[in-house]
Student: 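Here you go, one structure.
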Amino acid sequence: MSETTTSASSLADPAARRALMSGVAPEPGSAKPDPILKVDKIERRFGGITAVDVEHLEVQRGIITALIGPNGAGKTTFFNLITGFDKPSSAGSGAHWEFDGRALNKTSASSVAQAGMVRTFQLTKSLNRMTVMDNMMLGAQDQDGENLLKSVFKPLWRGQEKQVEEKAKELLDRFKLLEKKDDYAGSLSGGQRKLLEMARALMSDPKMIMLDEPMAGVNPALTQSLLGHIQSLRDEGMTVLFVEHDMHVVRHISDWVVVMAEGRVVAEGTADTVMSNQAVIDAYLGAHHDTDLGDDEVLSESALEEIEAEVRADEAAHEKHEGDKS
Ligand SMILES: Nc1ncnc2c1ncn2[C@@H]1O[C@H](COP(=O)(O)OP(=O)(O)OP(=O)(O)O)[C@@H](O)[C@H]1O
């Protein structure tokens, strides 16, 4: 891990994170003490729709920032734009973004990844047909993976196949996937896929990891484990930016929340601050009335432990049943 990331590891202390962000104005586009990402005038139109229209946004280094907003708010398009997977309509007329002091607006997805800003990718059909290990090694050797992914990752580890394999094994071990390394990725459960997506993104030693809905399709037992992994990454000094619909998750792990609606940043602040903000409530109510803006109690440690115990008991019963049959 780079010096930049480890130097921030004092932020493993929640009090230090609160102190760091306490002076930041809870308003759209507010300045951060040490921003790792700064975005200016980034706009994306699709025909008559303005999907993204972000005037200014800063993401603080070393903490977990959630990007939330109703369906169609522009969150995924924004991710695509800043990671070089899409180009802003405002390119050439003021669109500018820099990561860790380096301008990225004219670079490719591959250069963005090399600069240390890496996003997770969902397992697509061709990735499902590859083993877990091959998913990790994508681009390291002549794998027939997705060309896009290959072009992003290959330059990062050219000529270092042996070390790359060791690193892949270490990460799979960390994410409890090592014994699945020769299984097809398509055979993994929803939660294991999310772990694999995260592990694969970490292959390139990013300074910031961007997760698009890390909890979607994850069963309750793995939710706890995934949340723990995300928090550990932050505690080791990595910056995390994630899109999530589940407000309980957002409340539970975010140090800072950015809210988008109709392409714009409409609010920023701690989870408590933004969820009591009228603009946020209006944005959600306008888009979908049934949104539960979250109550952290639901994700209390004891509730999660109970769920985990239930799932373990279920698994044990299932294994016993299978054993009795054979
Ligand atoms: N390739 C595209 N062509 C046309 N319109 C698009 C395209 N991609 C996104 N859009 C539109 O841009 C807007 C923002 O979409 P986007 O997927 O970024 O929102 P989102 O906040 O990620 O939504 P969700 O939470 O539902 O994933 C939507 O109106 C969407 O229909």
Side-chain angles (χ1 to χ4, degrees), residues 28-29 37 39-57 59 64-91 95 97 104-105 108-109 112 117-125 146-149 190 193-194 197-198 201 208-218 223 226 230 240-254 256-269 271 274-275 277 279-294:
L37 175 69
V39 175
D40 277 296
K41 297 195 184 338
I42 179 165
E43 193 182 322
R44 178 67 165 109
R45 291 183 299 273
F46 293 107
I49 299 171
T50 303
V52 168
D53 183 9
V54 171
E55 188 57 31
H56 183 75
L57 180 68
V59 174
I64 300 177
T65 300
L67 181 59
I68 67 168
N71 294 326
K75 306 177 297 291
T76 301
T77 306
F78 180 71
F79 260 34
N80 290 343
L81 289 166
I82 59 174
T83 48
F85 286 90
D86 191 8
K87 296 269 173 270
S89 315
S90 53
W97 63 103
L104 288 182
N105 31 307
S108 62
V112 171
M117 179 158 70
V118 171
R119 59 179 297 173
T120 51
F121 296 90
Q122 287 190 1
L123 283 175
T124 53
K125 262 193 195 148
E146 303 250 291
N147 286 338
L148 188 61
L149 279 171
R193 283 158 188 249
K194 292 290 179 190
E197 287 163 20
M198 216 184 292
M208 178 163 103
I209 185 163
M210 299 169 59
L211 312 167
D212 198 349
E213 297 196 41
M215 302 301 158
V218 176
T223 300
L226 262 160
I230 295 172
V240 180
L241 178 64
F242 77 113
V243 168
E244 183 57 58
H245 277 289
D246 186 328
M247 293 302 155
H248 303 108
V249 168
V250 169
R251 260 190 203 275
H252 193 67
I253 63 166
S254 313
W256 194 255
V257 180
V258 173
V259 189
M260 283 182 78
E262 297 176 353
R264 294 167 188 267
V265 176
V266 295
E268 281 194 48
V274 298
M275 285 171 198
N277 176 320
V280 176
I281 295 166
D282 290 348
Y284 273 96
L285 294 181
H288 44 193
H289 291 264
D290 55 350
T291 298
D292 170 6
L293 287 184

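The chain is numbered in sequence order, starting from 1. Atoms within each ligand, like the ligands themselves, are counted from 1 in listed order. Being a predicted model, the structure only gives us computed values, none of them experimental.
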Student: Does ligand 1 have an atom under 4.0 Å from some heavy atom of His245?
Tutor: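 It does; at least one heavy atom falls under 4.0 Å.
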Student: Which residue holds the protein heavy atom closest to atom 29 (O) of ligand 1, what is that atom called, and what is the gap in Å?
Tutor: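 That would be Ile49 CG2, 4.0 Å.
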Student: Nearest 0.5 Å, please: how far is CG in Leu104 from CG in Leu81?
Tutor: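 If I round to the nearest 0.5 Å, the distance is 12.5 Å.
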Student: To the nearest 0.5 Å, what is the distance between NZ (Lys194) and OG1 (Thr223)?
Tutor: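 It comes to 11.5 Å.
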Student: Among all protein heavy atoms, pick the one closest to atom 12 (O) of ligand 1 and tell me residue, atom and distance.
Tutor: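 So the nearest neighbour among protein heavy atoms is Ala51 CB, 3.2 Å.
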Student: How long is the straight-line distance from CG of Asp212 back to CZ of Arg119, given to the nearest 0.5 Å?
Tutor: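 Here the interatomic distance stands at 6.0 Å.
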Student: Please list the nearest protein heavy atom to atom 26 (O) of ligand 1 with its residue and the distance rounded to 0.1 Å.
Tutor: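 Nearest neighbour among protein heavy atoms for atom 26 (O) of ligand 1, to 0.1 Å: Asn71 OD1, 3.3 Å.
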Student: Any protein heavy atom lying closer than 4.0 Å to atom 31 (O) of ligand 1?
Tutor: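 Not a single protein heavy atom is under 4.0 Å away.
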Student: Distance from Leu67 atom CG to Phe242 atom CZ, nearest 0.5 Å?
Tutor: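 Spacing of CG (Leu67) from CZ (Phe242) equals 9.5 Å.
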Student: Roughly how far, to the nearest 0.5 Å, is the CZ atom of Arg44 from the CG atom of Asp53?
Tutor: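 With rounding to 0.5 Å, CG (Asp53) is 13.0 Å from CZ (Arg44).
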Student: Considering only protein heavy atoms, which is closest to atom 15 (O) of ligand 1, and at what distance to one decimal place?
Tutor: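 Atom 15 (O) of ligand 1 sits closest to the protein heavy atom Thr77 OG1, 3.8 Å.
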Student: Is Glu268 reaching over with its side chain to a backbone N or O of Gly29, donor-acceptor style, under 3.5 angstrom?
Tutor: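 Pair found, side chain donor or acceptor close to backbone of Gly29.
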Student: Just by modelled atom types, is the Pro70 backbone N or O under 3.5 Å from a matching donor or acceptor in the Lys75 side chain?
Tutor: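 Yes, Lys75 side chain to Pro70 backbone: donor-acceptor pair under 3.5 Å.
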Student: For atom 20 (P) of ligand 1, tell me which residue out of Glu262, Met260, Glu213, Lys75 has the closest non-hydrogen atom.
Tutor: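 Shortest heavy-atom distance from atom 20 (P) of ligand 1: Lys75.
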Student: Looking at Val59, is its backbone amide N or carbonyl O close enough to the side chain of Thr65 to form a donor-acceptor pair, meaning the two atoms are under 3.5 Å apart?
Tutor: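 Checking the backbone N and O of Val59 against the side chain of Thr65, no donor-acceptor pair under 3.5 Å is found.
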Student: Apply the test side-chain contact (heavy atoms from CB on, under 4.5 Å) to residues Met210 and Ile82: give CA-CA distance (whole Å), side-chain angles for both, the deciding distance (0.1 Å), then the verdict.
Tutor: CA-CA 11 Å; Met210 299 169 59; Ile82 59 174; 3.7 Å; yes
Student: So, 4.0 Å and heavy atoms of Gly69: is ligand 1 close enough to count as a contact?
Tutor: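 Not so, Gly69 does not reach ligand 1.
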Student: For atom 1 (N) of ligand 1, find the nearest protein heavy atom and state the residue, atom name and distance (0.1 Å precision).
Tutor: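 Here the closest protein heavy atom is Phe46 CE2, 3.6 Å.
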Student: Give me the residue, atom name and distance of the protein heavy atom closest to atom 19 (O) of ligand 1.
Tutor: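 The answer is Gly74 N, 3.1 Å.
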Student: Just need the protein heavy atom nearest to atom 27 (O) of ligand 1, so name the residue and atom and give the distance.
Tutor: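 Answer for atom 27 (O) of ligand 1: Thr76 OG1, 3.9 Å.
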Student: With heavy atoms of Ala73 as the reference, note each atom of ligand 1 found under 4.0 Å away.
Tutor: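 Ligand 1 atoms under the 4.0 Å threshold to Ala73: 19 (O), 20 (P), 21 (O).
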Student: Can you tell me the protein heavy atom closest to atom 14 (C) of ligand 1 and the distance?
Tutor: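 Ranking protein heavy atoms by distance from atom 14 (C) of ligand 1, first comes Gly72 O, 3.4 Å.
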